[in-house]
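Residues take their numbers from the sequence shown, with the count starting at 1. First listed ligand is number 1; within each ligand, the first listed atom is number 1. Just so you know, these numbers use all the heavy atoms, side chains as well, and skip hydrogens, waters and symmetry mates. What you are looking at is a predicted structure, and each value in this text was computed from that prediction instead of being measured.
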Amino acid sequence: MTKSKWWKNAIIYQIYPRSFFDSNNDGIGDLNGIYQKLDYIKNLGIDAIWLSPIYDSPNADNGYDISDYRNIMKEFGTMADFDSLIIHMHNLGIKLIMDLVINHTSDEHPWFIQSRSSIDNPYRDFYLWRTGKDGNPPSDAQAMFGKSAWEYDKFTDEYYYHLFTKKQPDLNWDNPKVIDEVIKICEFWIEKGVDGFRIDCANLLGKNTSFPTIGKCDDFFKKQDKLIFNNSKNHEYYRILNERVFSKYDIVTFGECTQVNTDIGKLYVDPNRKELDGIIQFEHVKLDDGPNGEKWVLVDYKPQDLKRSFATWQTALEGHGWNALYLDNHDQPRLVSRFGNDKEFREISAKLFATMLLTLKGTPFIYQGTEIGMSNLWLEFDEMDDCEAKTAYEENNRTHAQTPEQLLKAINKRGRDNSRTPMQWSNNANGGFTLVTPWFKVNPNYINVNVEKDLKDKNSIFYYYQLLIKIRHSTQLYTLGKFDEYLVDNTSVFAYTREFESEKALILLNLTANDTFFEFPLFSFFGNAKIEISNYSNIKLSKQMSLRPYEAIVLRK
Ligand code: TEU
Ligand code: CA
């Protein structure tokens with residue numbers, strides 16, 4: 001079939017259902033809650049929603065541990081609720097992208113219950129089982145959240161492999177029956193009307209299943225590189241999935257690929273290779289990692305690295321594949337706290353990064369709450385929910401790698417709980433998310449940062465996003481235009497043009513909290529251009545120019 005490229009023009013809104021809106025006051029967000037807020041999402045200008053997992057799950061990793069791919073988690077509602085949600089979305093012209101978690105299942109999935117029951121069970125090979133070595137795990141492979149990737153199972157006296165928590169056993173993609181089952185799951189949801197998939201852990205499915213010894217090395221990622229990241233088998237799987245299911249429908253596939261550079265990334269999304277449509281890569285969300293790729297460190301990212309990272313991906317994928325653009329999501333801290341300034345420049349810096357997100361090439365993903373500038377919060381260890389943070393805490397208790405104070409600071413800076421707090425709808429109790437005690441702490445700043453307030457203020461972050469989206473929808477310039485970078489060596493100002501047929505725009509972004517002087521690029525051409533949008537007023541263009549803290553200007557010819 002000929003596929004339309006609707007997803008190139010689309011602005012996607014990510015919903016983490018547990019924290020979006022609680023419609024029945026049990027403290028947990030749900031599908032009817034999303035239904036009730038669709039007008040709000042439509043008003044923002046959104047074309048499609050990516051829904052984090054809503055399938056049946058014991059919630060060891062908030063739904064990223066699926067126990068039934070064809071049922072809705074009870075707390076979120078029923079299949080009938082899902083059916084009315086998707087009908088209503090489609091009536092409003094909003095498409096639905098489901099999260100496809102196929103690297104692993106829950107240990108409570110019937111396949112795994114069968115698999116662990118005996119060595120000759122037909123489902124045994126759905127997972128990765130190995131015998132231990134003299135009472136030790138089969139290899140020194142480590143899980144993503146720390147600790148061994150092997151869990152001993154007494155029923156059959158063997159170990160199973162899990163890249164995430166021990167409640168998330170990895171599927172064995174070498175088994176063609178696993179692929180057949182995944183294809184059936186895709187078809188089930190496509191028949192229900194979904195418009196695409198965000199593929200979880202997309203570049204981790206294929207593993208080196210001889211599980212060679214990794215040995216001593218401080219860098220977790222380097223260490224596991226050959227074992228789990230970007231195994232060439234992944235490409236084979238996507239070609240099969242593409243041929244047997246993706247290519248048959250007008251759907252989009254975005255692959256979440258951690259640990260890819262542009263050379264590898266291109267392979268997943270080069271249209272000629274017929275694998276995936278778009279790549280969600282991680283380079284820019286690792287700029288504040290420690291020197292050995294550590295997550296729990298206190299390192300500040302450098303604006304020039306952010307520039308370089310985005311420019312590299314923009315250039316490398318030109319003509320070779322499609323980017324997903326994001327600055328935060330349910331796994332990342334809030335963008336204003338991380339890349340901007342969540343104190344005196346919260347609104348201005350939120351608008352600056354909105355400008356960047358919506359003027360680069362690729363499909364922009366806006367994470368719930370980012371459109372009103374929601375920020376990180378402070379949590380004590382006993383208030384945390386995220387399994388990754390909890391594992392880090394337990395591990396640190398064992399190894400004493402950091403003082404508890406250092407670790408607490410680091411988790412509060414980088415942890416996933418930051419983005420998972422309930423959506424702040426109003427300044428009513430619990431931010432208007434629920435009438436009862438919510439499942440998770442609400443950021444206390446909901447009094448000042450909430451949807452109701454933004455909707456009343458014409459200068460709000462919300463309306464700035466709305467305007468940017470309108471602008472992006474009014475032309476093909478920002479969707480298809482070529483990207484060219486200027487002021488490459490400037491450590492503060494990210495400057496680039498987008499060009500499509502006779503249209504051209506210059507984007508000037510001061511990524512810092514300081515006034516910044518620079519030599520205006522292409523002044524003779526853009527010096528008299530119209531200001532398409534800016535987060536400041538009173539702009540005077542000149543050849544020697546200065547930008548105010550987090551100032552963003554888009555000039556259009
Ligand atoms: O994340 C996959 C992933 O690559 C992890 O490294 C993730 O970035 C982690 O949060 C880093 O600290 C996906 C999901 O987005 C995540 O929520 C799940 O926990 C994970 O898969 C397992 O399903
Ligand atoms: Ca509820």
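Nearest approach of H104 to F164, heavy atoms of both residues: CE1-CD1, 3.5 Å.
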(message) Let's go through D385 and N62 carefully: what are the C-alpha distance in whole Å and the side-chain angles of both, what is the deciding distance for side chain to side chain donor-acceptor pair (under 3.5 Å) to 0.1 Å, and is it a yes or a no?
(response) CA-CA 9 Å; D385 171 74; N62 283 348; 3.2 Å; yes

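When only interatomic distances are considered, the shortest N/O to N/O separation between D200 and ligand 1 falls below 3.5 Å. At least one N/O-N/O distance between H104 and ligand 1 falls below 3.5 Å.
In this structure, atom 8 (O) of ligand 1 lies nearest to the protein heavy atom F282 CE2, 3.3 Å. The shortest contact between atom 9 (C) of ligand 1 and any protein heavy atom is with R416 NH1, 3.7 Å. Nearest protein neighbour of atom 20 (C) of ligand 1, counting heavy atoms only, is F164 CE2, 3.8 Å. Protein heavy atom nearest atom 15 (O) of ligand 1, with residue, atom name and distance: D331 OD2, 2.5 Å. Protein heavy atom nearest atom 19 (O) of ligand 1, with residue, atom name and distance: D61 OD2, 2.5 Å.
Ligand 1 has no atom lying under 4.0 Å from any heavy atom of Q259. Under the 4.0 angstrom criterion for non-hydrogen atoms, R198 is in contact with ligand 1.
H162 has its ring centre no less than 6.0 Å from the ring centre of F112.
A cation-pi geometry, defined here as NZ or CZ lying under 6.0 Å from the six-membered ring centre and within 45° of its normal, holds between R18 and W439.
Excluding water, every protein N/O/S atom under 3.0 Å from the Ca ion (ligand 2) is given here by residue and atom: D22 OD1, N24 OD1, D26 OD1, I28 O, D30 OD2.
At a heavy-atom distance under 4.0 Å, no atom of Q332 approaches ligand 1.
Ligand 1 places these atoms under 4.0 Å from at least one heavy atom of H330: 14 (C), 15 (O), 16 (C), 17 (O).
Using cut-offs of 30° and 60° for the angle between ring planes, the W111 and Y123 rings count as parallel.
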